[in-house]
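Letters A, B, ... mirror the listed sequences (proteins, then strands); counts begin at 1. Quick caveat, the model's predicted, so the values are computed rather than measured.
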Amino acid sequence: MANKGERAASVYKDTLLAGLWRENPVFRLLLGMCPTLAVTAAVKPALTMGCCVIFVLVCSNIVVSLMRNLLRPHLRILMFTLTISTFVTIADLFLKAFQPEMSAALGPYVPLIIVNCIIICRAEACASKNGLAVSVIDAVGMGLGFTITLCALAGVRELLSTGKLFEAQVMPGWFVPWAAMSMPVGAFVTLGLMLGLVNTITGKKD
Amino acid sequence: MDKVKYFFQQSWLLIVASFFFGLLIAVANAAWQDNILQNEENKFNDLVREMIPDANASEIVLEDVEVESRKGKKKLTSVRKVVSAEGRRIGWAFMCEGSGFADKIRLVIAADSEFEKFFGFKVLSSYETPGFGSKIAEDDPESNEDLVDEFKDAPVGEFVLVKTGRRREDESQPNDGLIIAISGATVSSDAVVKIFNAYADEVKDKLREKGHIGNGE
């Protein structure tokens, strides 16, 4: 009995940590590149996007997991899209109602979560094959992994492009802001360097 | 009969889920609609103040003005009277929308008190391509690609979009009604011109018809 409990705890821990590092959606699976490049000019929008993705991931994984035994194979992608788009619409309405400035700053990227590969990938790879607990933990792990990555990327870009973090001056007075870091080129360069760093740490060669 | 039965066997979950999710969205929308409308109202007033610095308040004088686009689509708008701190009428402002490159573009347009010249426009919402179509919202007189500036002080009437041309060097030069498109954002620029052309005359006619302008007030 104890072994069963320990095994379950180990599975939950593995599932949670997979999203954070081993199967990090951005650094290891290279999924969700559109928001990763587009909304990481500053930490606030990146954090908001991350929270929206966590909400949509958790809700869609719960629904998909609950109806996994009822899914017809040829209709499953349609069902996933229907589920995901519902929660994305709710997240979008919530931002418009309570965070109008952030909603305007993120523009089309919140509705575009509907086509974010991470969410449909987790629905297909995890939620449609596992129980509720594993699906929720997987969603939290993947969502947190995505959010932390986005914030790390945004932190570097915001710091170098403005010298500030969360609108507070961080860099010393002599620092000259690198305007290019707030542009698409800054997103590509920072992501490339971070991917290189992660590959060096993990010893990945190809 | 068998076909109908097969259809429902295959798709009942999809049908049930569609109803359930639709209901969920409707509930969320109903719960937050007031906040969303209030935010839009606040944003509208802020944008009007940016275009008409003396603006103190605005009030709706015409509701549900029907505007027909060139494609025959009918849209409704409300026209607001903009007043100064002294209560003097200093302009008119209204929301309008049209199809852009990616999705609907929603604008706030402001005109002077007799609706003869535009103060310009501001983008209320747009999902145009960042870096290209999104430039329609940029208001930087120093920039060579300032679409907002093209409409400042422009006489109310038909606008024509041109791809190349010479921009006004400063605001003292008269506006000829020729709008120079932003390079890389021709569709979005065209959308803005079409919105102006669809709404301006219609709104002006309605204001005149109801006696709000052209009465020597």
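Closest approach of B:Q10 to A:R72, counting heavy atoms only: O-CG, 3.6 Å.
To the nearest 0.5 angstrom, B:I36 atom CD1 is 8.5 Å from A:D92 atom CG. Taken to the nearest 0.5 Å, the OG1 atom of A:T83 stands 4.0 Å off from the CZ atom of B:F21. Taking OG of B:S11 as the reference point, atom CE of A:M79 lies at 10.5 Å (rounded to 0.5 Å).
Applying a 4.5 Å heavy-atom cutoff, none of the residues of residues 194-204 of chain B approach chain A. Residues of residues 23-34 of chain B having a heavy atom under 4.5 Å from any heavy atom of chain A, listed by number: B:L24, B:I25, B:A28, B:N29, B:W32.
For CD of B:Q9, the number of neighbouring non-hydrogen atoms (other residues, nucleotides, ligands) closer than 6.0 Å is greater than 12. More than 12 non-hydrogen atoms from other residues, nucleotides or ligands lie less than 6.0 angstrom from CZ of A:F175.
Neither the backbone nor the side chain of B:S126 comes within less than 4.5 Å of any heavy atom in chain A.
Residues passing the side-chain hydrogen bond (donor to acceptor under 3.5 Å, both in side chains) test with A:T40 are A:R157, sequence neighbours excluded. For the salt bridge (charged side-chain N to carboxylate O under 4.0 Å, His left out) test, residues two or more places apart in sequence or in another chain that qualify with B:R49 are B:D46.
Of all the listed residues (A:L75, A:L71, A:L70), the one sharing the greatest number of non-hydrogen pairs under 4.5 Å with chain B is A:L70.
One N or O on the side chain of B:N39 and one on the backbone of A:A97 form a donor-acceptor pair closer than 3.5 Å.
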